Protein chains: 2
Amino acid sequence: MTIALIGAGNVALHLGQRLRACGIVISQVYSRRLERARDLGDLLHATPISQWDALKQNADAYLLAVSDDAIRPVGEALAKRLPKDSLVIHTSGATPCGLLADLFPRAAVFYPLQTLSRNRHLDFFIEVPLCYDAGNPDDLALLAQLARQMSAEVHHLNDEQRARCHLAAVFANNFSNHLFQIAAELLAEQELPFSLIRPLIRETAAKVQEQLPETAQTGPARRGDQATLQRHIAQLSAYPELQTIYQLLSDHIQQSNK
Amino acid sequence: MTIALIGAGNVALHLGQRLRACGIVISQVYSRRLERARDLGDLLHATPISQWDALKQNADAYLLAVSDDAIRPVGEALAKRLPKDSLVIHTSGATPCGLLADLFPRAAVFYPLQTLSRNRHLDFFIEVPLCYDAGNPDDLALLAQLARQMSAEVHHLNDEQRARCHLAAVFANNFSNHLFQIAAELLAEQELPFSLIRPLIRETAAKVQEQLPETAQTGPARRGDQATLQRHIAQLSAYPELQTIYQLLSDHIQQSNK
(Lines give C-alpha, C1' and ligand atoms only; values in the text may rest on other atoms or scores of the structure.)
Protein backbone atom coordinates (compact mmCIF):
# COMPACT_ATOMS: atom_id res chain seq x y z
CA MET A 1 0.00 0.00 0.00
CA THR A 2 1.30 3.48 -0.86
CA ILE A 3 0.05 6.68 0.71
CA ALA A 4 0.69 10.29 -0.32
CA LEU A 5 0.83 12.60 2.66
CA ILE A 6 -0.64 16.09 2.24
CA GLY A 7 0.75 18.35 4.96
CA ALA A 8 3.99 18.36 6.93
CA GLY A 9 2.92 19.41 10.44
CA ASN A 10 2.67 17.51 13.73
CA VAL A 11 -0.07 15.12 12.63
CA ALA A 12 1.71 14.36 9.32
CA LEU A 13 4.93 13.71 11.22
CA HIS A 14 3.45 11.30 13.77
CA LEU A 15 1.11 9.45 11.39
CA GLY A 16 3.79 9.28 8.68
CA GLN A 17 6.34 7.79 11.07
CA ARG A 18 3.87 5.24 12.38
CA LEU A 19 2.69 4.28 8.88
CA ARG A 20 6.26 3.71 7.79
CA ALA A 21 7.00 1.68 10.93
CA CYS A 22 4.05 -0.51 9.92
CA GLY A 23 5.49 -1.12 6.47
CA ILE A 24 3.36 1.35 4.51
CA VAL A 25 5.21 3.23 1.76
CA ILE A 26 4.83 7.01 1.92
CA SER A 27 5.31 7.89 -1.73
CA GLN A 28 5.19 11.68 -1.57
CA VAL A 29 4.95 14.45 1.03
CA TYR A 30 3.28 17.70 -0.05
CA SER A 31 3.71 21.05 1.68
CA ARG A 32 3.29 24.54 0.23
CA ARG A 33 6.73 25.18 1.71
CA LEU A 34 9.22 22.94 -0.04
CA GLU A 35 11.72 22.92 2.83
CA ARG A 36 9.07 21.54 5.19
CA ALA A 37 8.14 18.85 2.66
CA ARG A 38 11.85 18.06 2.35
CA ASP A 39 12.42 17.74 6.11
CA LEU A 40 9.55 15.31 6.55
CA GLY A 41 10.24 13.59 3.21
CA ASP A 42 13.81 12.85 4.35
CA LEU A 43 12.50 11.28 7.53
CA LEU A 44 9.93 9.16 5.71
CA HIS A 45 12.00 8.28 2.62
CA ALA A 46 9.32 10.03 0.55
CA THR A 47 9.59 12.47 -2.34
CA PRO A 48 8.96 16.06 -1.20
CA ILE A 49 6.72 18.20 -3.41
CA SER A 50 5.30 21.70 -3.13
CA GLN A 51 3.29 21.88 -6.38
CA TRP A 52 0.03 20.06 -7.01
CA ASP A 53 1.23 19.23 -10.55
CA ALA A 54 3.89 17.01 -9.05
CA LEU A 55 1.39 14.86 -7.15
CA LYS A 56 1.24 11.34 -8.59
CA GLN A 57 -2.21 10.03 -9.38
CA ASN A 58 -1.66 6.40 -8.47
CA ALA A 59 -1.36 6.39 -4.67
CA ASP A 60 -3.69 3.98 -2.86
CA ALA A 61 -4.73 6.81 -0.56
CA TYR A 62 -4.19 10.55 -0.01
CA LEU A 63 -3.94 11.43 3.67
CA LEU A 64 -4.74 15.08 4.47
CA ALA A 65 -2.97 16.18 7.66
CA VAL A 66 -3.88 19.86 7.36
CA SER A 67 -5.77 22.34 9.58
CA ASP A 68 -9.57 22.05 9.62
CA ASP A 69 -9.96 25.24 7.58
CA ALA A 70 -7.66 23.92 4.87
CA ILE A 71 -9.44 20.61 4.23
CA ARG A 72 -11.97 22.03 1.78
CA PRO A 73 -9.58 24.20 -0.30
CA VAL A 74 -6.99 21.40 -0.40
CA GLY A 75 -9.74 18.97 -1.46
CA GLU A 76 -10.68 21.33 -4.30
CA ALA A 77 -7.08 21.55 -5.45
CA LEU A 78 -6.80 17.74 -5.35
CA ALA A 79 -10.04 17.39 -7.35
CA LYS A 80 -8.40 19.20 -10.27
CA ARG A 81 -5.53 16.73 -10.25
CA LEU A 82 -6.72 13.30 -9.07
CA PRO A 83 -9.18 10.73 -10.47
CA LYS A 84 -12.61 11.09 -8.84
CA ASP A 85 -12.44 7.58 -7.39
CA SER A 86 -9.29 8.36 -5.34
CA LEU A 87 -9.40 7.53 -1.63
CA VAL A 88 -9.01 10.92 0.10
CA ILE A 89 -8.81 10.77 3.89
CA HIS A 90 -8.78 13.72 6.27
CA THR A 91 -7.56 13.52 9.88
CA SER A 92 -9.83 15.98 11.68
CA GLY A 93 -11.96 15.12 14.71
CA ALA A 94 -14.32 18.04 14.22
CA THR A 95 -14.92 17.79 10.44
CA PRO A 96 -17.66 15.60 8.91
CA CYS A 97 -16.47 12.54 7.04
CA GLY A 98 -18.40 13.64 3.95
CA LEU A 99 -17.04 17.17 3.62
CA LEU A 100 -15.30 16.23 0.37
CA ALA A 101 -17.83 13.59 -0.77
CA ASP A 102 -19.04 15.75 -3.67
CA LEU A 103 -15.48 15.85 -5.00
CA PHE A 104 -14.40 12.34 -3.98
CA PRO A 105 -17.18 9.81 -3.32
CA ARG A 106 -14.69 7.69 -1.34
CA ALA A 107 -13.96 10.55 1.11
CA ALA A 108 -12.99 9.14 4.49
CA VAL A 109 -11.55 10.10 7.87
CA PHE A 110 -8.75 8.76 10.06
CA TYR A 111 -8.53 10.61 13.40
CA PRO A 112 -5.86 9.92 16.05
CA LEU A 113 -7.26 10.85 19.49
CA GLN A 114 -4.04 12.17 21.00
CA THR A 115 -2.15 15.43 21.43
CA LEU A 116 0.68 15.32 18.89
CA SER A 117 3.61 17.69 19.20
CA ARG A 118 6.57 18.06 16.93
CA ASN A 119 9.03 17.90 19.81
CA ARG A 120 7.58 14.81 21.56
CA HIS A 121 8.12 11.26 20.47
CA LEU A 122 5.25 8.93 21.39
CA ASP A 123 6.77 5.76 22.80
CA PHE A 124 3.45 3.98 22.71
CA PHE A 125 1.66 4.85 19.48
CA ILE A 126 0.16 1.36 19.80
CA GLU A 127 -2.04 2.88 22.57
CA VAL A 128 -3.28 5.88 20.56
CA PRO A 129 -6.98 5.42 19.73
CA LEU A 130 -7.51 5.62 15.97
CA CYS A 131 -11.04 6.61 14.92
CA TYR A 132 -12.03 6.05 11.30
CA ASP A 133 -15.06 6.41 9.08
CA ALA A 134 -15.81 6.09 5.36
CA GLY A 135 -18.78 6.23 3.04
CA ASN A 136 -18.56 2.68 1.65
CA PRO A 137 -17.98 -0.77 3.20
CA ASP A 138 -14.84 -1.61 1.22
CA ASP A 139 -13.09 1.54 2.38
CA LEU A 140 -14.29 0.95 5.95
CA ALA A 141 -12.67 -2.50 5.85
CA LEU A 142 -9.47 -1.10 4.38
CA LEU A 143 -9.24 1.65 7.02
CA ALA A 144 -10.03 -0.79 9.82
CA GLN A 145 -7.21 -3.03 8.65
CA LEU A 146 -4.79 -0.12 8.36
CA ALA A 147 -5.77 1.20 11.82
CA ARG A 148 -5.32 -2.23 13.41
CA GLN A 149 -1.80 -2.42 12.01
CA MET A 150 -0.99 0.90 13.66
CA SER A 151 -2.76 0.71 17.02
CA ALA A 152 -4.44 -1.64 19.48
CA GLU A 153 -7.26 0.91 20.00
CA VAL A 154 -9.35 1.10 16.85
CA HIS A 155 -12.85 2.59 16.68
CA HIS A 156 -15.36 3.06 13.87
CA LEU A 157 -17.07 6.31 14.93
CA ASN A 158 -19.66 8.40 13.12
CA ASP A 159 -19.38 12.19 12.76
CA GLU A 160 -21.29 12.94 15.93
CA GLN A 161 -19.24 10.53 18.04
CA ARG A 162 -15.97 11.81 16.63
CA ALA A 163 -16.97 15.42 17.25
CA ARG A 164 -17.84 14.43 20.82
CA CYS A 165 -14.37 12.88 21.27
CA HIS A 166 -12.85 16.09 20.01
CA LEU A 167 -14.89 18.16 22.49
CA ALA A 168 -14.07 15.79 25.37
CA ALA A 169 -10.39 16.08 24.46
CA VAL A 170 -10.57 19.88 24.83
CA PHE A 171 -11.75 19.43 28.43
CA ALA A 172 -9.33 16.60 29.24
CA ASN A 173 -6.26 18.06 27.57
CA ASN A 174 -6.49 21.78 26.64
CA PHE A 175 -8.33 22.89 29.76
CA SER A 176 -6.40 20.67 32.21
CA ASN A 177 -3.14 21.89 30.77
CA HIS A 178 -4.32 25.46 31.26
CA LEU A 179 -5.10 24.68 34.91
CA PHE A 180 -1.53 23.40 35.21
CA GLN A 181 -0.41 26.79 33.84
CA ILE A 182 -2.54 28.67 36.38
CA ALA A 183 -1.02 26.50 39.14
CA ALA A 184 2.46 27.25 37.77
CA GLU A 185 1.77 30.99 37.89
CA LEU A 186 0.37 30.84 41.44
CA LEU A 187 3.53 29.03 42.53
CA ALA A 188 5.87 31.38 40.63
CA GLU A 189 4.39 34.34 42.51
CA GLN A 190 5.71 32.83 45.73
CA GLU A 191 8.99 31.97 44.00
CA LEU A 192 8.12 28.30 44.03
CA PRO A 193 9.12 26.11 41.06
CA PHE A 194 6.59 24.27 38.87
CA SER A 195 8.55 21.09 39.59
CA LEU A 196 6.90 21.04 43.03
CA ILE A 197 3.62 19.88 41.52
CA ARG A 198 4.91 17.67 38.71
CA PRO A 199 4.61 14.49 40.83
CA LEU A 200 1.05 15.53 41.74
CA ILE A 201 0.17 15.95 38.05
CA ARG A 202 1.69 12.55 37.25
CA GLU A 203 -0.33 10.89 40.00
CA THR A 204 -3.52 12.76 38.96
CA ALA A 205 -3.25 11.20 35.49
CA ALA A 206 -2.09 7.82 36.81
CA LYS A 207 -5.10 7.50 39.14
CA VAL A 208 -7.66 7.75 36.34
CA GLN A 209 -5.87 5.08 34.32
CA GLU A 210 -7.23 2.57 36.82
CA GLN A 211 -10.34 4.22 38.18
CA LEU A 212 -12.97 6.66 36.94
CA PRO A 213 -12.42 10.37 37.67
CA GLU A 214 -15.61 10.48 39.74
CA THR A 215 -14.06 7.97 42.16
CA ALA A 216 -10.69 9.73 42.14
CA GLN A 217 -12.13 13.16 43.03
CA THR A 218 -10.76 14.66 46.26
CA GLY A 219 -10.39 18.15 47.71
CA PRO A 220 -12.36 20.80 49.59
CA ALA A 221 -15.19 21.06 47.03
CA ARG A 222 -15.72 17.30 47.07
CA ARG A 223 -15.71 17.25 50.87
CA GLY A 224 -17.94 20.33 51.06
CA ASP A 225 -15.26 21.97 53.22
CA GLN A 226 -16.61 25.54 53.14
CA ALA A 227 -13.89 26.98 55.40
CA THR A 228 -11.10 25.94 53.01
CA LEU A 229 -13.10 27.04 49.94
CA GLN A 230 -13.57 30.50 51.47
CA ARG A 231 -9.90 30.73 52.43
CA HIS A 232 -8.85 29.86 48.88
CA ILE A 233 -11.24 32.44 47.41
CA ALA A 234 -9.70 35.02 49.77
CA GLN A 235 -6.16 34.02 48.72
CA LEU A 236 -7.18 34.76 45.11
CA SER A 237 -8.47 38.26 45.89
CA ALA A 238 -5.86 39.84 43.59
CA TYR A 239 -7.04 37.67 40.66
CA PRO A 240 -10.79 38.12 40.09
CA GLU A 241 -10.70 35.88 37.01
CA LEU A 242 -9.12 33.03 38.96
CA GLN A 243 -11.71 33.54 41.70
CA THR A 244 -14.44 33.08 39.08
CA ILE A 245 -12.81 29.92 37.73
CA TYR A 246 -12.28 28.59 41.26
CA GLN A 247 -15.88 29.26 42.25
CA LEU A 248 -17.39 27.87 39.07
CA LEU A 249 -15.41 24.60 39.13
CA SER A 250 -15.96 24.15 42.87
CA ASP A 251 -19.72 24.68 42.45
CA HIS A 252 -19.77 22.19 39.59
CA ILE A 253 -17.90 19.59 41.66
CA GLN A 254 -20.37 20.06 44.53
CA GLN A 255 -23.37 19.72 42.19
CA SER A 256 -21.88 16.59 40.59
CA ASN A 257 -21.68 14.95 44.01
CA LYS A 258 -25.38 15.29 44.70
CA MET B 1 13.61 7.78 66.55
CA THR B 2 10.06 6.81 67.54
CA ILE B 3 6.92 8.52 66.29
CA ALA B 4 3.34 8.20 67.52
CA LEU B 5 0.85 8.54 64.70
CA ILE B 6 -2.41 10.36 65.46
CA GLY B 7 -5.00 9.42 62.83
CA ALA B 8 -5.47 6.35 60.64
CA GLY B 9 -6.62 7.80 57.30
CA ASN B 10 -4.92 8.09 53.90
CA VAL B 11 -2.16 10.45 55.03
CA ALA B 12 -1.41 8.37 58.13
CA LEU B 13 -1.25 5.24 55.98
CA HIS B 14 1.15 6.63 53.38
CA LEU B 15 3.40 8.58 55.77
CA GLY B 16 3.41 5.71 58.27
CA GLN B 17 4.46 3.19 55.63
CA ARG B 18 7.18 5.46 54.32
CA LEU B 19 8.50 6.26 57.81
CA ARG B 20 8.71 2.55 58.61
CA ALA B 21 10.44 1.85 55.29
CA CYS B 22 13.02 4.47 56.34
CA GLY B 23 13.69 2.69 59.63
CA ILE B 24 11.61 4.94 61.91
CA VAL B 25 9.70 3.11 64.65
CA ILE B 26 5.98 3.91 64.78
CA SER B 27 5.28 3.26 68.46
CA GLN B 28 1.52 3.81 68.57
CA VAL B 29 -1.36 4.54 66.18
CA TYR B 30 -4.32 6.48 67.59
CA SER B 31 -7.78 6.53 66.07
CA ARG B 32 -11.11 7.22 67.77
CA ARG B 33 -12.26 3.98 66.13
CA LEU B 34 -10.19 1.14 67.55
CA GLU B 35 -10.65 -1.12 64.52
CA ARG B 36 -9.11 1.52 62.26
CA ALA B 37 -6.18 1.98 64.66
CA ARG B 38 -5.82 -1.82 64.66
CA ASP B 39 -5.78 -2.13 60.86
CA LEU B 40 -3.07 0.48 60.45
CA GLY B 41 -1.25 -0.64 63.60
CA ASP B 42 -0.99 -4.17 62.18
CA LEU B 43 0.52 -2.81 58.98
CA LEU B 44 3.04 -0.63 60.82
CA HIS B 45 3.85 -3.01 63.71
CA ALA B 46 2.56 -0.32 66.06
CA THR B 47 0.28 -0.52 69.09
CA PRO B 48 -3.26 0.58 68.26
CA ILE B 49 -5.00 2.86 70.75
CA SER B 50 -8.34 4.69 70.81
CA GLN B 51 -8.08 6.43 74.22
CA TRP B 52 -5.85 9.43 74.92
CA ASP B 53 -4.97 7.89 78.31
CA ALA B 54 -3.16 5.10 76.48
CA LEU B 55 -0.86 7.50 74.59
CA LYS B 56 2.74 7.17 75.79
CA GLN B 57 4.48 10.40 76.73
CA ASN B 58 7.97 9.52 75.52
CA ALA B 59 7.70 9.48 71.70
CA ASP B 60 10.25 11.67 69.91
CA ALA B 61 7.42 13.18 67.87
CA TYR B 62 3.63 13.10 67.56
CA LEU B 63 2.49 13.22 63.93
CA LEU B 64 -1.08 14.47 63.43
CA ALA B 65 -2.58 13.07 60.22
CA VAL B 66 -6.10 14.37 60.83
CA SER B 67 -8.48 16.66 58.93
CA ASP B 68 -7.77 20.40 59.11
CA ASP B 69 -10.77 20.99 61.40
CA ALA B 70 -9.55 18.36 63.85
CA ILE B 71 -6.02 19.73 64.36
CA ARG B 72 -6.99 22.21 67.08
CA PRO B 73 -9.28 19.92 69.14
CA VAL B 74 -6.80 17.05 68.87
CA GLY B 75 -4.01 19.42 69.94
CA GLU B 76 -6.07 20.40 73.00
CA ALA B 77 -6.62 16.76 73.91
CA LEU B 78 -2.89 16.09 73.54
CA ALA B 79 -2.05 19.11 75.73
CA LYS B 80 -3.83 17.46 78.67
CA ARG B 81 -1.72 14.34 78.27
CA LEU B 82 1.74 15.22 76.93
CA PRO B 83 4.65 17.27 78.29
CA LYS B 84 4.59 20.83 76.95
CA ASP B 85 7.96 20.38 75.22
CA SER B 86 6.70 17.51 73.03
CA LEU B 87 7.30 17.80 69.29
CA VAL B 88 3.78 17.92 67.79
CA ILE B 89 3.68 17.99 63.98
CA HIS B 90 0.60 18.47 61.81
CA THR B 91 0.45 17.50 58.13
CA SER B 92 -1.85 20.17 56.66
CA GLY B 93 -0.95 22.40 53.72
CA ALA B 94 -3.54 25.02 54.58
CA THR B 95 -2.99 25.31 58.35
CA PRO B 96 -0.40 27.67 59.91
CA CYS B 97 2.60 26.01 61.47
CA GLY B 98 1.93 27.81 64.74
CA LEU B 99 -1.72 26.83 65.23
CA LEU B 100 -0.77 24.76 68.30
CA ALA B 101 2.21 26.89 69.39
CA ASP B 102 0.39 28.12 72.52
CA LEU B 103 -0.04 24.49 73.62
CA PHE B 104 3.25 23.12 72.31
CA PRO B 105 6.04 25.65 71.65
CA ARG B 106 7.73 23.07 69.38
CA ALA B 107 4.65 22.86 67.07
CA ALA B 108 5.75 21.99 63.53
CA VAL B 109 4.41 20.93 60.14
CA PHE B 110 5.29 18.17 57.68
CA TYR B 111 3.22 18.40 54.48
CA PRO B 112 3.44 15.89 51.62
CA LEU B 113 2.46 17.62 48.35
CA GLN B 114 0.69 14.69 46.74
CA THR B 115 -2.80 13.21 46.41
CA LEU B 116 -2.84 10.20 48.74
CA SER B 117 -5.55 7.57 48.42
CA ARG B 118 -6.11 4.50 50.51
CA ASN B 119 -6.41 2.26 47.45
CA ARG B 120 -3.30 3.51 45.60
CA HIS B 121 0.22 2.50 46.39
CA LEU B 122 2.80 5.16 45.51
CA ASP B 123 5.68 3.41 43.79
CA PHE B 124 7.82 6.50 43.97
CA PHE B 125 7.37 8.14 47.37
CA ILE B 126 10.98 9.27 46.88
CA GLU B 127 9.56 11.81 44.39
CA VAL B 128 6.85 13.21 46.68
CA PRO B 129 7.79 16.77 47.70
CA LEU B 130 7.89 17.04 51.50
CA CYS B 131 7.37 20.57 52.85
CA TYR B 132 8.28 21.21 56.46
CA ASP B 133 8.40 24.08 58.92
CA ALA B 134 9.04 24.50 62.63
CA GLY B 135 9.40 27.30 65.17
CA ASN B 136 12.97 26.60 66.28
CA PRO B 137 16.22 25.77 64.48
CA ASP B 138 16.83 22.40 66.19
CA ASP B 139 13.44 21.09 65.13
CA LEU B 140 13.92 22.49 61.61
CA ALA B 141 17.17 20.52 61.35
CA LEU B 142 15.51 17.38 62.70
CA LEU B 143 12.59 17.66 60.24
CA ALA B 144 14.93 18.38 57.33
CA GLN B 145 16.89 15.24 58.15
CA LEU B 146 13.74 13.14 58.48
CA ALA B 147 12.34 14.51 55.21
CA ARG B 148 15.58 13.81 53.35
CA GLN B 149 15.46 10.19 54.51
CA MET B 150 11.97 9.88 53.05
CA SER B 151 12.14 11.87 49.80
CA ALA B 152 14.49 13.45 47.30
CA GLU B 153 12.28 16.57 47.15
CA VAL B 154 12.53 18.43 50.43
CA HIS B 155 11.47 22.05 50.93
CA HIS B 156 11.46 24.37 53.94
CA LEU B 157 8.37 26.50 53.22
CA ASN B 158 6.70 29.17 55.34
CA ASP B 159 2.94 29.27 55.96
CA GLU B 160 2.20 31.49 52.98
CA GLN B 161 4.24 29.34 50.57
CA ARG B 162 2.69 26.14 51.86
CA ALA B 163 -0.83 27.58 51.54
CA ARG B 164 0.03 28.61 47.99
CA CYS B 165 1.15 25.04 47.20
CA HIS B 166 -2.14 23.78 48.58
CA LEU B 167 -4.10 26.22 46.41
CA ALA B 168 -2.04 25.36 43.30
CA ALA B 169 -2.68 21.67 44.00
CA VAL B 170 -6.45 22.30 43.91
CA PHE B 171 -6.11 23.69 40.37
CA ALA B 172 -3.63 21.04 39.21
CA ASN B 173 -5.33 18.02 40.77
CA ASN B 174 -8.92 18.59 41.97
CA PHE B 175 -10.01 20.77 39.08
CA SER B 176 -8.19 18.79 36.35
CA ASN B 177 -9.68 15.59 37.66
CA HIS B 178 -13.12 17.20 37.52
CA LEU B 179 -12.49 18.15 33.88
CA PHE B 180 -11.66 14.48 33.26
CA GLN B 181 -15.03 13.65 34.79
CA ILE B 182 -16.83 16.15 32.54
CA ALA B 183 -15.06 14.61 29.54
CA ALA B 184 -16.10 11.13 30.71
CA GLU B 185 -19.74 12.25 30.93
CA LEU B 186 -19.65 13.87 27.48
CA LEU B 187 -18.29 10.61 26.06
CA ALA B 188 -20.76 8.41 27.96
CA GLU B 189 -23.66 10.34 26.43
CA GLN B 190 -22.52 9.10 23.02
CA GLU B 191 -21.95 5.62 24.46
CA LEU B 192 -18.20 6.09 24.21
CA PRO B 193 -15.94 4.66 26.95
CA PHE B 194 -13.70 6.81 29.15
CA SER B 195 -10.81 4.55 28.08
CA LEU B 196 -10.80 6.44 24.75
CA ILE B 197 -9.17 9.46 26.39
CA ARG B 198 -6.95 7.72 28.94
CA PRO B 199 -3.90 7.83 26.61
CA LEU B 200 -4.59 11.54 26.01
CA ILE B 201 -4.65 12.19 29.77
CA ARG B 202 -1.41 10.25 30.22
CA GLU B 203 0.29 12.28 27.51
CA THR B 204 -1.12 15.56 28.87
CA ALA B 205 0.61 14.86 32.19
CA ALA B 206 3.75 13.45 30.55
CA LYS B 207 4.25 16.57 28.41
CA VAL B 208 4.49 18.93 31.38
CA GLN B 209 7.06 16.70 33.08
CA GLU B 210 9.54 17.97 30.50
CA GLN B 211 8.18 21.34 29.47
CA LEU B 212 6.14 24.12 31.06
CA PRO B 213 2.35 24.02 30.56
CA GLU B 214 2.47 27.34 28.72
CA THR B 215 4.62 25.71 26.03
CA ALA B 216 2.50 22.56 25.95
CA GLN B 217 -0.80 24.44 25.40
CA THR B 218 -2.65 23.47 22.22
CA GLY B 219 -6.26 23.60 21.00
CA PRO B 220 -8.78 25.97 19.44
CA ALA B 221 -8.55 28.63 22.19
CA ARG B 222 -4.77 28.75 21.93
CA ARG B 223 -4.97 28.99 18.12
CA GLY B 224 -7.78 31.56 18.31
CA ASP B 225 -9.85 29.24 16.09
CA GLN B 226 -13.24 30.96 16.53
CA ALA B 227 -15.12 28.58 14.21
CA THR B 228 -14.26 25.54 16.34
CA LEU B 229 -14.90 27.44 19.59
CA GLN B 230 -18.39 28.39 18.36
CA ARG B 231 -19.11 24.84 17.18
CA HIS B 232 -18.12 23.46 20.59
CA ILE B 233 -20.31 25.99 22.40
CA ALA B 234 -23.20 24.92 20.15
CA GLN B 235 -22.53 21.23 20.89
CA LEU B 236 -22.92 22.05 24.59
CA SER B 237 -26.29 23.78 24.17
CA ALA B 238 -28.00 21.19 26.40
CA TYR B 239 -25.52 21.92 29.23
CA PRO B 240 -25.50 25.64 30.07
CA GLU B 241 -23.09 25.08 32.98
CA LEU B 242 -20.58 23.35 30.72
CA GLN B 243 -20.97 26.17 28.18
CA THR B 244 -20.04 28.62 30.95
CA ILE B 245 -16.99 26.57 31.96
CA TYR B 246 -15.97 26.15 28.31
CA GLN B 247 -16.28 29.88 27.59
CA LEU B 248 -14.52 30.98 30.76
CA LEU B 249 -11.51 28.68 30.33
CA SER B 250 -11.25 29.43 26.61
CA ASP B 251 -11.32 33.19 27.31
CA HIS B 252 -8.66 32.77 29.98
CA ILE B 253 -6.42 30.79 27.61
CA GLN B 254 -6.80 33.49 24.95
CA GLN B 255 -5.98 36.24 27.46
CA SER B 256 -2.93 34.32 28.72
CA ASN B 257 -1.56 34.19 25.19
CA LYS B 258 -1.54 37.94 24.76
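Naming convention: chains lettered A, B, ... in sequence-line order (proteins, then strands); numbering from 1 in each chain. Source: prediction; values computed, not measured.
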Would the number of heavy atoms belonging to other residues, nucleotides or ligands and lying under 6.0 Å from CD of B:E76 be above 12? yes
Picking from A:R223, A:R222, A:E189, which has the most non-hydrogen pairs under 4.5 angstrom with chain B? A:E189
Most contact-rich option vs chain B, by heavy-atom pairs under 4.5 angstrom, among A:H252, A:E241, A:Q235, is A:H252
Quick check: do A:L248 and B:T244 have side-chain heavy atoms less than 4.5 Å from each other? yes
Please assess B:Y246 against A:F175 for the test ring-ring contact (aromatic ring centres under 6.0 Å, His included), listing each intermediate value before the final yes or no. CA-CA 8 Å; B:Y246 187 99; A:F175 290 167; 5.2 Å; yes
Sort out for me which of A:E214, A:Q209, A:H232 touches chain B most, counting heavy-atom pairs under 4.5 Å. A:Q209
Quick one about B:N177 and A:T204 (side-chain donor to acceptor, distance below 3.5 Å, no hydrogens or angles considered), yes or no? no
CD of B:E185 to CZ of A:F171: how many Å apart, nearest 0.5 Å? 10.5 Å
I'd like a table of donor-acceptor pairs (distance under 3.5 Å, sequence neighbours excluded) in which one partner is a side-chain atom from residues 107-115 of chain B, with atom names and distances.
| from | atom 1 | to | atom 2 | distance (Å) |
| --- | --- | --- | --- | --- |
| B:Q114 | NE2 | A:P199 | O | 3.2 |
| B:T115 | OG1 | A:K207 | NZ | 2.6 |

Looking only at B:A168, B:P220, B:C165, B:S195, most heavy-atom pairs under 4.5 Å shared with chain A are made by B:A168
When rounded to the nearest 0.5 angstrom, what distance separates NE2 in A:H178 from OG in B:S256? 4.0 Å
Evaluate the criterion side-chain contact (heavy atoms from CB on, under 4.5 Å) for residue pair A:D68 and B:T228; output intermediate values, then yes/no. CA-CA 9 Å; A:D68 290 6; B:T228 302; 4.3 Å; yes
Contact winner vs chain B - A:H166, A:R202, A:E191, heavy-atom pairs under 4.5 Å: A:R202
Do B:R198 and A:E127 sit within salt-bridge range, that is, some charged N less than 4.0 Å from a carboxylate O? no
Main-chain N/O of A:L196 paired with B:E153 side-chain donor or acceptor, under 3.5 Å: no
Determine the option with the most heavy-atom pairs under 4.5 angstrom with chain A, choosing from B:L212, B:T218, B:V208, B:L157. B:V208
In terms of heavy-atom pairs under 4.5 Å with chain A, the winner among B:N173, B:V170, B:D69 is B:N173
Need one label for B:A227: side chain, backbone, both or neither, based on atoms under 4.5 Å from any heavy atom in chain A. neither
B:V128, B:I197, B:L187: which one forms the most heavy-atom pairs within less than 4.5 Å of chain A? B:L187
What pair of heavy atoms forms the shortest contact from B:A172 to A:F180, and how long is it? O-CE2, 3.4 Å
Evaluate whether atom CZ of B:R32 has more than 12 neighbouring non-hydrogen atoms of other residues, nucleotides or ligands under 6.0 angstrom away. no
By the ring pair (Phe, Tyr, Trp, His ring centres under 6.0 Å) test, which pairs, at least two apart or in different chains, include something from residues 192-225 of chain A? none
Report yes or no: does B:R164 contribute a side-chain atom to a donor-acceptor pair with the main-chain N or O of A:L186 at less than 3.5 Å? yes
Which atoms of B:R231 approach chain A - backbone, side chain, both or neither, heavy atom under 4.5 Å: side chain
Does a side-chain heavy-atom distance below 4.5 Å link A:N119 with B:Q211? yes
Just one of B:Q161, B:R162, B:E160 clears the side chain to side chain donor-acceptor pair (under 3.5 Å) bar with A:Q190, so which one? B:E160
Name the member of B:L122, B:L167, B:I201 that forms the most heavy-atom pairs with chain A at distances under 4.5 Å. B:L167
Could you measure the distance from the CG atom of A:L179 to the CG atom of B:L249? Nearest 0.5 Å is fine. 6.0 Å
Give the member of B:A184, B:A221, B:S67, B:G219 that has the highest number of heavy-atom pairs under 4.5 Å with chain A. B:G219
